Enquirer: 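Can you keep this structure in mind? I'll have questions shortly.
So that the names make sense, note that chain A is the first sequence line, chain B the second, and so on, each numbered from 1. Just so we're clear, the structure is a prediction, and the values are computed from it rather than from any experiment.
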Amino acid sequence: MKIVFMGTPEFAKVALEALVQAGHEIPLVITQPDKPKGRKYTLTPSEVKEYALSVGLRVETPVSMRTAEAEELLRSVEADLFMVAAYGKILPKNILDIPPMGCICIHASLLPAWRGAAPIQRAVMNGDAEGGISMMYMDEGIDTGDIILQKKISITDGMNAGEYHDAMAAMGAQAALEYLRMAQEGNVPRVKQPQEGSYAEKITGEDLYVSFEETALQTHNRIRGLAPVPSAYCTLEGKRVKLHESRVGCGKGVPGEVLSAGKNGIEVACKEGSVFITSLQPEGKKRMDASSFLNGLQNKEGFRFNG
RNA sequence: CGCGGGGUAGAGCAGUCUGGUAGCUCGUCGGGCUCAUAACCCGGAGGUCAUGUGGUUCAAAUCCCUUCCCCGCAC
């Protein structure tokens, strides 16, 4: 079976790696073009591209899927199916129709929940107790295709998006292999999705700001849902402070007010309840625990955030 | 050359503007108090102040220059 793999970030890389190690034939890998990244603004390849090249796969990075060139490229490999994981571009119908076995997508949510760009972060930020992987036949909608299989995982309170992501990536890879086994036996289930679902909007700068104007639980979920990257933040004396780890507390006070500061962390009042910040990172500094932060703080007396 | 912050004891910081014996909080080690302690008290160790046998100076953590490294923003 010839598979064209389409994907971009780490999540997709893990799946591609599993396919390669299982010995599947992958004549072509499609990923996003290199993008300028980092302080030096250097052109950086995607995780998928980096890995694919390291194992000698053919990689193409079309700028658009809506060109004759893209269609010709994808037809020319005569693949049986396209497997897509967090590619980052919408596939038009003429592309979807190319492979005889269809376009199969690995999506990081239990559809129809969290369709779209940032299902992993949104699930954690929303405080979901359960999440998982969906394999589906792609259609022209955004993550609305018929479902082949789903795998569930619980999201514990102590888990951040990074940990959840890693577990999900591994599970996504397993799901892909399971699908391929079913496909080889010619026995692939296909269940329609409900129309109604939720949408996981892309994370923007506004999502990162912790105002403490939400409840303690919402604040905690925001912090862990954005950890370890891109990180939630608040401000202290006009400077950004990234918030990496927190715990829910039950103190009361004006949102942003520091209620206590010690070995348990820095307790900050929220609209309802409080959160203990246990790991944070001032602008220009490295990540540190709350004790270290307090050791170096000049005016330990009555500081407050976002003030 | 996209913008900016920083490299001082194991950790986090002050001191740099206005050169003149290296400080703070925490940790660590020893002792004491206590039924006991992560609490408290007393004492000690620990730093060629990132780099350059760099420049200026009677004197450089501090002023000037070199190189390396870390981080925030933006993308």
Enquirer: For nucleotides B:G20 and B:G31, find the distance between their C1' atoms and express it as a whole number of Å.
Expert: 37 Å
Enquirer: Pick the nucleotide of RNA chain B nearest each of A:L208 and A:D289; which residue has the one closer to the 5' end?
Expert: A:D289
Enquirer: Under 3.5 Å, is there a donor on one side chain and an acceptor on the other for A:T144 and A:R115?
Expert: no
Enquirer: Within this structure, what is the CE-to-P distance between A:M288 and B:A11, rounded to whole angstrom?
Expert: 12 Å
Enquirer: Could you state the OH-P distance from A:Y41 to B:C75, rounded to the nearest angstrom?
Expert: 8 Å
Enquirer: Using atom C1' of each nucleotide, how far apart are B:C49 and B:C40 to the nearest Å?
Expert: 34 Å
Enquirer: Do other residues, nucleotides or ligands put more than 12 heavy atoms under 6.0 Å from A:L53 CG?
Expert: yes
Enquirer: Do nucleotides 5-10 of chain B as a string where each nucleotide becomes B, S or -: B if the base has a protein heavy atom under 4.0 Å, S if just the sugar-phosphate does, - if no protein is that close.
Expert: B-----
Enquirer: More than 12 heavy atoms of other residues, nucleotides or ligands under 6.0 Å from CD of A:Q184: is that the case?
Expert: yes
Enquirer: side-chain contact (heavy atoms from CB on, under 4.5 Å) between A:L74 and A:I30: does it pass, once the steps are laid out?
Expert: CA-CA 9 Å; A:L74 288 165; A:I30 302 290; 4.1 Å; yes
Enquirer: Can you measure A:K242 atom NZ to B:G72 atom C1' for me and round it to whole angstrom units?
Expert: 7 Å
Enquirer: For the side chain of A:R39 and the base of B:G72, is some donor closer than 3.5 Å to an acceptor across the two?
Expert: yes
Enquirer: If we only count heavy atoms from C-beta on, is the A:I277 to A:S246 side-chain gap below 4.5 Å?
Expert: yes
Enquirer: Hey, is the side chain of A:Q281 poking within less than 4.0 Å of OP1 or OP2 on B:G72, counting only N and O atoms?
Expert: yes
Enquirer: With a 4.5 Å limit on heavy-atom distance, are the side chains of A:F5 and A:L57 in contact?
Expert: no
Enquirer: What I'd like to find out is whether the side chain of A:M182 reaches to under 4.5 Å of the side chain of A:I148, using heavy atoms alone.
Expert: yes
Enquirer: Please say whether more than 12 non-hydrogen atoms of neighbouring residues, nucleotides or ligands are located less than 6.0 Å from CD in A:E201.
Expert: no
Enquirer: Taking B:U48 as the reference, what is the distance to B:A60 when you measure between their C1' atoms (whole Å, please)?
Expert: 14 Å
Enquirer: When you check the phosphate oxygens OP1 and OP2 of B:A39, does a side-chain N or O of A:K263 lie under 4.0 Å from one of them?
Expert: yes
Enquirer: Over all strands shown, is A:K37 touching base, sugar-phosphate only, or nothing at heavy-atom distances under 4.0 angstrom?
Expert: base
Enquirer: Under the salt bridge (Lys or Arg N to Asp or Glu O under 4.0 Å) rule, collect the residues that match up with A:R75, sequence neighbours excluded.
Expert: A:E71
Enquirer: Give one of base, sugar-phosphate or nothing for A:R287, where a contact means two heavy atoms less than 4.0 Å apart.
Expert: nothing
Enquirer: What pairs of nitrogen or oxygen atoms, one from the protein and one from nucleotides 43-46 of chain B, lie under 3.5 Å apart?
Expert:
none

Enquirer: Which listed nucleotide (B:C13, B:C71, B:G72) is nearest to the side chain of A:K286?
Expert: B:C71
